[in-house]
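Read through the structure below, which is laid out as structure tokens, and then see the notes.
These numbers come from a predicted model, not from an experiment.
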Amino acid sequence: MEQKFKVNQMLTNKNNGYVERIYAVAQDGQPFDLLDISILTHYDIISIDTLQEKFNEFGIEFTLEQTGRTYKLTLNSKESADRFIENIAPLFNEVLSE
């Protein structure tokens, strides 16, 4: 399946090495943050529980904080970010096709 976005930049906390943002650009040029998983839950692409199961399945180390209806996802290493991009980020293709 062709990706409908391109990863542009990864922002890492210099104190702890956690990846706090993964910026991507959609085919129409619109930027977005792949770690804004609220988009996936809003469009019913995946539930938080299923997402957490996928993180465990793929060995993605993460921190997830909920504030109201939004979620702040932080990945604990660049390796976890790479696994996230490879295995979870393709779910955004479903949103980008709408």
Evaluate the side-chain hydrogen bond (donor to acceptor under 3.5 Å, both in side chains) criterion for residues S47 and T50: first the C-alpha distance (whole Å), next the side-chain angles of each, then the deciding distance (0.1 Å), finally the verdict. CA-CA 5 Å; S47 70; T50 304; 2.9 Å; yes
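- Residues passing the side chain to side chain contact (heavy atoms under 4.5 Å, CB included) test with K78, sequence neighbours excluded: M10, D82.
- How far CD1 of I48 is from CG of L40: 8.5 Å, rounded to the nearest 0.5 Å.
- With a 4.5 Å cut-off on side-chain heavy atoms, L64 and F55 do not count as touching.
- Of all the heavy atoms in V19 and L35, the pair that sits closest is O-CD1, 3.7 Å.
- With a 4.5 Å cut-off on side-chain heavy atoms, I60 and I88 count as touching.
- Put simply, CD1 on I37 and NE2 on H42 are 14.5 Å apart, with the number rounded to the nearest 0.5 Å.
- Summarising the geometry, atom CG belonging to L96 is positioned 8.5 Å from atom CD1 belonging to I39; distances are rounded to the nearest 0.5 Å.
- Evaluation of the side-chain hydrogen bond (donor to acceptor under 3.5 Å, both in side chains) rule for E61 yields no partner, not counting sequence neighbours.
- Contacts classified as side-chain hydrogen bond (donor to acceptor under 3.5 Å, both in side chains) and involving residues 14-25 (residues at least two apart or in different chains) are given here: N13-E20.
- Between atom CD1 of residue I22 and atom CG of residue L73 there is a gap of 8.0 Å, rounded to the nearest 0.5 Å.
- Checked by atom type and distance alone, the side chain of E65 never pairs as donor or acceptor with a backbone atom of T67 at under 3.5 Å.
- Taking every heavy atom of both residues into account, G59 and S80 meet most closely at O-OG, 4.1 Å.
- A donor and an acceptor atom, one from each side chain of S38 and T41, are nowhere located under 3.5 Å apart.
- In terms of modelled atom types and a separation under 3.5 Å, the side chain of N93 and the main chain of P90 share a donor-acceptor contact.
- In the hydrophobic clustering of this structure, L34 does not group with V25; members are Ile, Leu, Val, Met, Phe, Trp, Tyr whose side-chain heavy atoms approach within less than 4.5 Å, directly or through other members.
- Taking the side chain as every heavy atom from C-beta outward, I45 and F92 never approach each other to under 4.5 Å.
- Rounding to the nearest 0.5 Å places CG of N87 at 9.0 Å from NZ of K54.
- Taken to the nearest 0.5 Å, the CG atom of D33 stands 11.5 Å off from the CG atom of N8.
- Taking the six-membered ring for Trp and the full ring otherwise, the centers of F62 and F84 sit at least 6.0 Å from each other.
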